[in-house]
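One structure is given here, and the rest of the page talks about it.
Counting convention: from 1, in listed order, for ligands and their atoms alike. In what follows, every heavy atom counts, from backbone to side chain, and hydrogens, waters and symmetry copies are set aside.
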Amino acid sequence: MKDTRQWQVDPQQATTEAVAEAVVPAAAILRQGGLVAFPTETVYGVGANALDAQAVQAIFAAKGRPADNPLIVHIADWAALTPLITGLPPLAKRLAECFWPGPLTLILPASPLVPAEVTAGLPTVAVRWPAHPVAEALIRAAGVPVAAPSANRSGKPSPTDAVHVLEDLGGRIDGIVDGGPCAVGVESTVLDVTVDPPAILRPGGITADMLRPLLPGGRLQGEGVSEQERAGEPVGDPVGEAPRAPGMKYTHYAPSADVFLLPGPWEAQVALLRRTIAAPPAGGTLGLLISEETLRELGDLLVRPESAEGVLYRSGHLIVGIVGRRGQLTTVAKKLFRALRAFDHTDAAMIVAETYPAEGIGAALMNRLCKSAGGRVWPAGNPAYNVRR
Ligand code: TXA
Ligand code: MG
């Protein structure tokens with residue numbers, strides 16, 4: 001067991017100088033080959049010096065991450081990019097200039113300086129400049145590029161708060177810089193610009209609609225969402241489908257309870273929820289993961305929380321998790337992982353989750369929800385029901 005040190009810094013309150021000072025000890029640990037978790041605008045990452053193969057190996061050990069899943073290298077100035085890659089195509093330069101700092105990861109040709117532990121032996125490297133004052137200050141103070149996956153145990157929902165990192169990696173890493181909750185709540189968009197047209201390997205904070213105006217002819221491959229995800233009919237097998245980003249083939253974002261997705265348009269989902277609440281399934285406590293609009297629709301069936309604090313509450317035998325507003329999917333993205341994690345502190349055996357149109361940030365949402373459900377669709381008697389672990 002390691003002694004995991006913790007530092008607190010509130011980027012809303014602290015001056016730039018105070019943030020820079022707060023990250024000094026954490027930066028020193030990174031420089032010495034240690035592991036430090038830190039906030040970004042998307043989720044918390046757990047970082048190591050990207051040029052130190054041994055330090056990078058320690059990340060895989062701490063997370064229990066398969067070695068064939070490459071890491072994103074985080075930078076906080078343009079000069080740090082050059083040594084990591086063999087060249088910056090004009091399109092990649094334009095995209096970086098437009099979206100960095102921000103939740104866009106670019107897949108670029110890797111220079112020999114980048115250890116194979118980071119790239120999982122691929123000829124490419126994933127790079128991003130996070131838009132978070134603490135992340136930027138930490139990377140700059142460390143003076144090295146920082147390889148950082150999301151700071152969760154492999155397979156679990158990504159952490160959007162320092163306490164989630166502590167739950168998963170406390171005693172396994174050297175320190176956590178607590179900078180409060182993350183704003184976006186889902187990870188960065190991973191865009192491969194080594195192929196033509198560019199391909200979204202993982203949908204995220206920067207949407208296809210935001211990217212398209214910058215691409216020649218507005219052309220984009222894939223968009224990182226399967227047809228089922230797009231149609232809101234998650235009956236496919238996201239676990240078995242050909243992986244886009246190497247990491248996408250593994251079980252992901254899964255709480256302890258089995259997650260099931262509600263199929264079809266919203267009205268049908270609400271109707272199915274009504275039937276489910278009226279006749280809950282046997283086999284353990286049922287959790288619902290729904291939007292505020294759906295809670296309102298079901299107001300006659302569900303007890304409303306007395307206070308809006310916390311993401312979960314009990315209504316009779318049910319545990320209800322509220323994730324933002326359907327009408328504004330960024331609010332759902334922000335709370336999704338937090339709510340999935342909160343269910344781990346309850347006795348919920350099944351979580352029935354509302355689904356959303358896979359448009360804009362909804363693409364990232366549906367991608368994460370489908371992975372979290374591993375292809376399971378509600379109700380369990382449905383012929384589309386499959387158990388995948
Ligand atoms: O928002 C984020 O991206 C967060 C924060 C911490 O920056 N990081 C994150 O890292 O989500 P991670 O390791 O959980 O996800 C990285 C994804 C994986 O799906 C991985 O397979 C993919 O990026 N990836 C990394 N390097 C790649 C490469 N060279 N080619 C293709 N995919 C790559
Ligand atoms: Mg991850």
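- In this structure, of Gly204, Ser188, Ser150, the residue bringing a heavy atom nearest to atom 12 (P) of ligand 1 is Ser150.
- Contact annotation for Thr42 and ligand 1: only side-chain heavy atoms (C-beta onward) come within less than 4.0 Å of the ligand.
- For Gln54, the CD atom is loosely surrounded, since the number of other residues' heavy atoms within 6.0 Å does not exceed 12.
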Can you list the steps and then say if Asp344 with Lys156 is a salt bridge (charged side-chain N to carboxylate O under 4.0 Å, His left out)?
-> CA-CA 10 Å; Asp344 277 355; Lys156 286 281 154 198; 3.4 Å; yes
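- For the pair Pro379 and Thr276, the minimum side-chain heavy-atom distance is 4.5 Å or more.
- With a 4.5 Å cut-off on side-chain heavy atoms, Asn49 and Arg31 do not count as touching.
- Per-residue contacts place Pro149 under 4.0 angstrom from the following atoms of ligand 1 (heavy atoms of the residue considered): 10 (O), 12 (P), 13 (O).
- Of all atoms in ligand 1, listed by their number and element, those nearer than 4.0 Å to a heavy atom of Thr124 are 28 (C), 29 (N), 30 (N).
- Among the atoms of Asn69, some N or O lies under 3.5 angstrom from an N or O of ligand 1.
- Judged purely by distance below 3.5 Å, without hydrogens or angles, the side chains of Asp209 and Thr207 never pair a donor atom with an acceptor atom.
- Checked by distance only, ligand 1 and Arg65 come closer than 3.5 Å through their nitrogen or oxygen atoms.
- An N or O contact shorter than 3.5 Å is missing between Lys63 and ligand 1 by distance.
- At a heavy-atom cutoff of 4.0 Å, ligand 1 is contacted by the side chain of Leu201 but not by its backbone.
- Residue Leu122 approaches ligand 1 through these ligand atoms, each under 4.0 Å from one of its heavy atoms: 28 (C), 29 (N), 30 (N).
- Near Arg128, the atoms of ligand 1 lying under 4.0 angstrom from a non-hydrogen atom of the residue are 1 (O), 2 (C), 3 (O), 5 (C), 7 (O).
- More than 12 heavy atoms of other residues, nucleotides or ligands sit less than 6.0 Å from atom CD of Gln57.
- Of the inter-residue distances, the one linking Leu104 atom CG with Ile200 atom CD1 reads 9.0 Å to the nearest 0.5 angstrom.
- Atoms of ligand 1 found under 4.0 Å from any heavy atom of Gly45, numbered from 1 in the order shown, are 6 (C).
- Counting only heavy atoms from C-beta outward, the side chains of Cys182 and Tyr44 approach each other to under 4.5 Å.
- To the nearest 0.5 Å, the span separating CD1 on Ile107 from CG on Leu122 amounts to 8.5 Å.
- Between Glu97 and Lys93 a salt bridge is recorded (basic side-chain N to carboxylate O distance below 4.0 Å).
- Annotation for Val36: hydrophobic cluster partners, listed by chain and number, are Trp7, Val9, Val19, Val23, Ile29, Leu30, Phe38, Val134, Leu138, Ile139, Val146, Val177 (ILVMFWY side-chain heavy atoms under 4.5 Å, direct or chained).
- Taking 4.5 Å as the limit, some side-chain heavy atom of Trp100 sits within range of a side-chain heavy atom of Val127.
- Atom OH of Tyr313 sits about 14.0 Å away from atom OG1 of Thr346, to the nearest 0.5 Å.
- Taking only non-hydrogen atoms, the option from Glu187, Arg202, His252 nearest to atom 17 (C) of ligand 1 is Arg202.
- Using modelled atom types, no side-chain atom of Ser315 and backbone atom of Leu318 make a donor-acceptor pair closer than 3.5 Å.
- Any protein N/O/S atom under 2.8 Å from the Mg ion (ligand 2) was counted, giving 1 altogether.
- Every heavy atom of Thr119 sits 4.0 Å or more from the atoms of ligand 1.
- Of all atoms in ligand 1, listed by their number and element, those nearer than 4.0 Å to a heavy atom of Ile72 are 3 (O), 8 (N), 9 (C), 10 (O), 16 (C).
- Interface of His74 with ligand 1, defined as ligand atoms under 4.0 Å from a residue heavy atom, comprises 5 (C), 6 (C), 7 (O).
- Close approach of ligand 1 to Ala126 (heavy-atom distance below 4.0 Å) involves ligand atoms 25 (C), 26 (N), 27 (C).
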